2 protein chains.
Amino acid sequence: MNSNSNLACDTCPVRESAACASLNDEERIKLSKIGRHKILKKGETLTAAGDENTVCATLVSGALKITSNDRDGTERILSLVHPAGFVGELFSPAVHHDVVALTESKLCVFSRPQYEEIIEGHPALALALLRRSADDLFDARSMMDLAGKRSADARVAGLIQAFARAASHSPCHSADTFDLPLTRGEMAGMLGLTIETISRKLGLLESDGLIKRQGARGIRISDHARLAELSD
Amino acid sequence: MNSNSNLACDTCPVRESAACASLNDEERIKLSKIGRHKILKKGETLTAAGDENTVCATLVSGALKITSNDRDGTERILSLVHPAGFVGELFSPAVHHDVVALTESKLCVFSRPQYEEIIEGHPALALALLRRSADDLFDARSMMDLAGKRSADARVAGLIQAFARAASHSPCHSADTFDLPLTRGEMAGMLGLTIETISRKLGLLESDGLIKRQGARGIRISDHARLAELSD
DNA sequence: CCACTGCCTTGATCTGGATCAATTCACGTC
DNA sequence: GACGTGAATTGATCCAGATCAAGGCAGTGG
């Protein structure tokens with residue numbers, strides 16, 4: 001862990017897009033006083049289910065997953081967090097889900113009670129978080145939709161499309177070459193399938209000519225139309 | 001549809017718990033001027049996916065479901081809305097999901113742009129919506145968790161527990177006698193199972209002595225402990 | 001260079017839940 | 001009380017995906 005009271009917001013890569021972008025300079029300085037940077041290495045956890053709920057954070061770079069674990073050890077991925085995303089369960093006394101780094105990640109961490117205090121005094125921040133929360137809710141529902149499709153083919157095809165959309169950060173049209181951000185196991189966890197099924201379905205998608213694979217992670221979509229049809 | 005410009009907030013059953021409870025009298029009067037009551041009969045829809053996104057609403061009484069539909073007609077329930085709940089996708093130009101009444105429901109409907117304007121001028125409302133949105137997000141994730149369990153038994157057991165918790169409106173401990181608020185088909189839609197499987201699993205739960213059924217909808221939980229164990 | 005360790009792939013088999021197909025039940029209406 | 005209709009149950013069969021079991025293929029460190 002790397003801690004630092006100089007948040008240096010001026011050089012922050014998400015200063016335009018994170019919730020704190022809604023604050024003016026003076027307000028942001030106030031916020032930066034209660035925040036600190038933290039680096040999580042791949043696989044490290046920020047907060048675990050059951051912890052006392054004391055922190056919240058903005059993701060500066062990297063990627064996080066929000067997960068729950070069955071007692072038998074199976075991990076279920078509930079959400080992915082991208083840079084500028086906000087994590088933390090405001091208003092709740094305990095943490096319900098694990099938050100784990102998918103890759104080395106840089107966070108801007110705040111004490112939750114202090115952050116809540118600032119929210120209450122700064123309407124623009126509340127509004128920005130509301131917007132972000134509405135997006136998160138929409139994402140969660142999209143994911144429920146995806147994971148609820150009957151066939152494994154439709155789920156895998158839909159997930160690939162979702163990643164393609166996320167990869168090209170223009171929200172309208174999707175990238176056609178990108179790297180899968182997750183392992184087979186993590187994809188399985190998102191879709192409620194097994195590692196083997198993911199692997200097989202990817203193989204099928206390739207042999208049917210919908211995608212082309214480059215190593216284990218690289219994907220090129222060759223037939224957007226058929227992929228979309230499959231996923232629907 | 002029943003429209004009325006006198007919202008009569010003073011007698012509203014959710015005046016203490018809905019988002020608008022955060023406003024003072026003067027502010028609430030302003031809000032009431034842009035709202036109107038609407039009654040939806042069982043099965044009627046407030047907004048359908050693809051509509052222009054022009055309204056949002058607070059549920060006063062009854063119950064709603066938020067759903068998406070596969071082209072093949074299968075309905076997937078993404079969320080249930082209870083009285084005092086807020087529906088509407090703020091900040092989004094188009095509606096993504098259907099909102100349908102599960103039972104006859106009374107709503108307080110607002111023009112979305114006008115409502116957004118009020119939010120921006122009234123921090124307390126933004127804060128109340130943020131709180132509600134955080135709850136919705138948590139609920140959505142709980143549901144993903146439930147629908148992602150591997151076995152049908154675990155899902156059905158979990159759903160019964162969730163209903164039992166919702167039925168006793170004290171959040172700590174759950175009712176042990178209550179009526180299922182959904183048809184078998186709707187439960188199937190929530191859990192990604194079929195009507196037949198739901199029916200069979202309920203039958204098994206009864207013959208195993210975990211629950212007792214009274215007609216098609218009535219449930220009495222006889223063995224909370226084993227039910228909890230099954231669902232986990 | 002080899003051994004080790006995570007991931008990923010591929011194959012063979014098994015099974016839980018889907019699907020297809022009747023009944024049966026509950027309830028509102030005449 | 002008979003009738004009609006949508007919901008629920010129950011049974012028989014089938015199949016997609018889980019599970020079990022080997023390998024294969026990087027990347028890492030000795």
Side-chain angles (χ1 to χ4, degrees), chain A residues 41-43 70 72-77 100 102-104 146-160 179-208 211-219 230-231, chain B residues 41-43 65 70 72-77 100 102-104 146-160 179-208 211-219 230:
Chain A
K41 291 215 192 54
K42 180 174 178 166
D70 283 4
D72 70 9
T74 335
E75 169 188 275
R76 176 137 199 91
I77 295 189
V100 181
L102 281 169
T103 62
E104 173 156 318
L146 187 61
K149 305 240 177 251
R150 69 217 83 285
S151 79
D153 309 72
R155 295 187 214 183
V156 174
L159 188 61
I160 289 177
D179 277 359
L180 293 169
L182 302 181
T183 66
R184 300 290 185 265
E186 286 162 339
M187 289 190 264
M190 287 188 75
L191 298 178
L193 298 171
T194 59
I195 294 180
E196 295 94 325
T197 301
I198 301 284
S199 179
R200 283 188 245 270
K201 293 305 178 186
L202 286 176
L204 284 185
L205 286 177
E206 182 164 37
S207 63
D208 287 355
I211 63 170
K212 193 99 179 11
R213 283 185 294 174
Q214 198 75 260
R217 294 296 188 94
I219 294 284
L230 230 193
S231 73
Chain B
K41 292 217 190 49
K42 180 173 177 164
K65 58 182 174 184
D70 283 4
D72 69 10
T74 336
E75 169 188 276
R76 177 137 199 92
I77 295 189
V100 180
L102 281 168
T103 63
E104 174 156 317
L146 186 61
K149 306 245 176 247
R150 68 214 79 285
S151 80
D153 308 73
R155 295 188 215 184
V156 174
L159 188 61
I160 289 177
D179 277 359
L180 295 170
L182 301 180
T183 66
R184 302 289 185 268
E186 287 162 339
M187 289 189 265
M190 286 188 75
L191 299 178
L193 298 171
T194 59
I195 294 180
E196 295 95 322
T197 301
I198 302 284
S199 180
R200 284 187 244 271
K201 292 306 179 186
L202 286 175
L204 284 185
L205 286 177
E206 182 164 37
S207 64
D208 287 355
I211 63 171
K212 192 98 173 21
R213 283 184 295 174
Q214 197 74 260
R217 295 296 189 93
I219 294 284
L230 232 194

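All of these numbers come straight from a predicted model, not from anything done at the bench.
To the nearest angstrom, P of C:dG17 lies 7 Å from CZ of B:R155. The distance from atom CE of A:M187 to atom P of D:dG17 is 16 Å, rounded to the nearest whole Å. Computed from coordinates, the B:L191 CG to C:dG16 P distance equals 18 Å when rounded to whole Å. Atom C1' of nucleotide C:dC8 and atom CD1 of A:I219 are separated by 13 Å, given to the nearest angstrom. As a whole-Å value, the separation of B:I195 CD1 from C:dT24 P is 19 Å. If you measure from atom CD of A:Q214 to atom P of D:dC25, you get 16 Å, rounded to the nearest angstrom. Between A:R200 atom CZ and D:dA21 atom P the separation is 15 Å, expressed in whole Å. The CG-C1' distance, from B:L180 to C:dA26, rounds to 15 Å in whole Å.
No contact: B:L202 has no heavy atom under 4.0 Å from any strand. Contacts of A:T183 with the nucleic acid, taken as non-hydrogen atoms under 4.0 Å apart, involve only primed sugar atoms and P, OP1 or OP2. At the heavy-atom level, A:L193 lies under 4.0 Å from the strands shown only through sugar-phosphate atoms. Residue B:R213 is classed as a sugar-phosphate contact, given heavy-atom separations below 4.0 Å to backbone atoms only.
For the pair A:K201 and D:dG17, the criterion of a side-chain N or O lying under 4.0 Å from OP1 or OP2 is met. A sub-4.0 Å separation between OP1 or OP2 of D:dA18 and a side-chain N or O of A:T194 is present. Taking only side-chain nitrogens and oxygens, A:T197 comes nearer than 4.0 Å to OP1 or OP2 of D:dA18. The phosphate of D:dT9 (OP1 or OP2) has a side-chain N or O of B:R184 nearer than 4.0 angstrom.
Nearest nucleotide to the side chain of B:R217, out of D:dA8, D:dG17, D:dT19: D:dA8. Side-chain proximity of A:S199 to D:dG11, C:dG11, C:dT9: nearest is C:dT9.
The closest side-chain heavy-atom distance from B:E75 to B:K65 is below 4.5 Å. No side-chain heavy atom of B:L102 sits less than 4.5 Å from a side-chain heavy atom of B:K42. Residues A:L202 and A:I211 meet the side-chain proximity criterion, which asks for heavy atoms closer than 4.5 Å.
Between the side chain of A:E206 and the backbone N or O of A:G203 there is no donor-acceptor pair closer than 3.5 Å.
Of the two residues contacting DNA chain D, namely A:A152 and A:E196, the nearest-nucleotide position lying further toward the 5' end is that of A:A152.
Scanning all heavy atoms of the two residues, the minimum distance from B:I219 to B:R213 falls at CD1-CG, 3.9 Å.
In the interface, the side chain of B:R150 is not paired with the base of C:dG16 through any donor and acceptor atom under 3.5 Å apart.
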